[in-house]
Amino acid sequence: MSDAVLIEPDVHFIQDIVAHGGGDLKKCYQCATCSVTCALSPDDAPFPRRQMLRAQWGLKDSLMADPAIWLCHNCGDCTTRCPRGAKPGEVFGVLRAEAIKHFAFPHFLGTLLAGPAGLALLLAAGVVVFGLLALAGHPAFGLALPSDRPFEFADLYPVWALEALFFAVSGFLALAIVISQVRFVRALRASGATGPILPGLLSAARDIATHTRFTSCDQERSRYVAHLAVFWGFVGLATVGTVVGMASMAGVLHTPLAQTNPLKIFANAAGVVALVGAVLLLTNRRRDPARRAADTYFDAFFIWTLTGVIGTGAIVQILRLFQSMPWMYVVYVVHLILVFVLFVSAPYTKLAHVVYRTMAMAAAGRK
């Protein structure tokens, strides 16, 4: 007779799943319709049936180290066909959010930013940070507005100060991502359910870059274009921001860039692409009552913040071109605060899906 196995459910984990969007978890009666339905579920390690059972039992450690929760793209096929309405896709979305919080560095930020209170604190922090920067640049409590040239944003915030701030935030961002991924990889290896990760990274990165797995979904194939646009638009904006920031710090480039500058044109094009993708995602959610009802704070945080960053960035450009005082400065401060929120929250929100999913796909060896 084999040795007995003692299972100790994490009741708080079950409660968290239910509270954050997985409220129909208990309806699952293990019929396996979800695993049969899912076009992304591999034959040798099908999901989400097994993970639904583990979630019902509260087996947190097992689920946090399971790459399957990241192989799911929440296309909705399993949720649509579930005979009991258990909504496995939504449960998996909650599990991914829990994994991000579980592996987060520092852990308290992962917990804090998992709810609206974290957003309020980040916004307040942004107000304080940019208020202090303005005071540091203008100790006399007044803007050094020019009389012999057009108004520029550097009159409010010196370029060096902004670049130093955002490079420092980027350094923290990189550290948080690296440590969280080291924790995640250790958990994957300790689970014994995955193979070597490095050989599969190139294939996984290619899959992430093309989003081809979205095309396997029947119910929400339209999400493919929207997600791809948001992904590449964001990558484009981040790339231009990094290049311009480094060049400005080195004295090679001076901002603001002319509207005809190739970098400016590329950044505006990337912004349009990302904004179109974001609007498509938001529109699809509004048109689908079930999807709208299933929306959680975690789902909405990144997309609304990104939309706010791009929207205020576009408005700021227009106001600067027309030299609209004082609104150009007001909107600029709002834009900077939203960029700050997007940066600081990146390792703890849905944006982190990119790195977790890449690692999980590489570990699972999915082509």
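Quick caveat, the model's predicted, so the values are computed rather than measured. Start at 1 with the first residue, then count along the sequence.
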Just wondering, more than 12 heavy atoms not from Arg186 lying within 6.0 Å of its CZ? no
Just do the side chain to side chain contact (heavy atoms under 4.5 Å, CB included) check on Phe92 and Phe47 with the steps written out, would you? CA-CA 10 Å; Phe92 264 46; Phe47 62 82; 4.0 Å; yes
Before accepting this row, confirm whether a basic side-chain N of the pair Asp66/Arg54 lies closer than 4.0 Å to the acidic partner's carboxylate O. yes
Under 4.5 Å between side-chain heavy atoms, counting indirect links through other Ile/Leu/Val/Met/Phe/Trp/Tyr residues: same cluster for Phe166 and Leu175 or not? no
Report the C-alpha distance between Phe130 and Leu162 in whole Å, list the side-chain angles of each, state the deciding distance to 0.1 Å, and finish with yes or no for side chain to side chain contact (heavy atoms under 4.5 Å, CB included). CA-CA 9 Å; Phe130 291 106; Leu162 286 184; 3.9 Å; yes
Where is the tightest heavy-atom contact between His335 and Thr312, given as atom of each residue plus distance? ND1-OG1, 2.9 Å
Relative to the ring of Phe172, is the ring of Tyr348 parallel (under 30°), tilted (30 to 60°) or perpendicular (over 60°)? tilted
Report yes if the side chains of Ile265 and Asn261 come closer than 4.5 Å at any heavy-atom pair, otherwise no. no
Using modelled atom types only, decide if a donor and an acceptor are shared between the side chain of Ser191 and the backbone of Leu188 within a distance under 3.5 Å. yes
Can you sort out the partners of Phe302 under ring-ring contact (aromatic ring centres under 6.0 Å, His included), two or more places apart, ordered by chain and number? none
Give the intermediate values and the outcome of side chain to side chain donor-acceptor pair (under 3.5 Å) for residues Asn74 and Glu90. CA-CA 7 Å; Asn74 198 12; Glu90 293 171 18; over 6 Å; no
Tell me if the CE atom of Met249 is crowded by more than 12 foreign heavy atoms within 6.0 Å. yes
Any non-hydrogen side-chain atom of Glu163 less than 4.5 Å from a side-chain atom of Met246? no
With sequence neighbours left out, which residue pairs that include part of residues 231-282 fulfil the ring-ring contact (aromatic ring centres under 6.0 Å, His included) condition? His211-Phe231
Is Arg81 close to Cys34 at the side-chain level, that is, under 4.5 Å between some pair of heavy atoms? no
Within 45 degrees of the ring normal and closer than 6.0 Å to the centroid, is that where the cationic atom of Arg183 sits relative to Phe103? no
Heavy atoms, side chains only, cut-off 4.5 Å: are His227 and His73 in contact? no
Which pairs count as salt bridge (charged side-chain N to carboxylate O under 4.0 Å, His left out) when at least one residue sits in residues 336-356, sequence neighbours excluded? Asp299-Lys350
Would the distance check show the side chain of Gln30 and the main-chain N or O of Arg49 forming a donor-acceptor pair, the cut-off being under 3.5 Å? yes
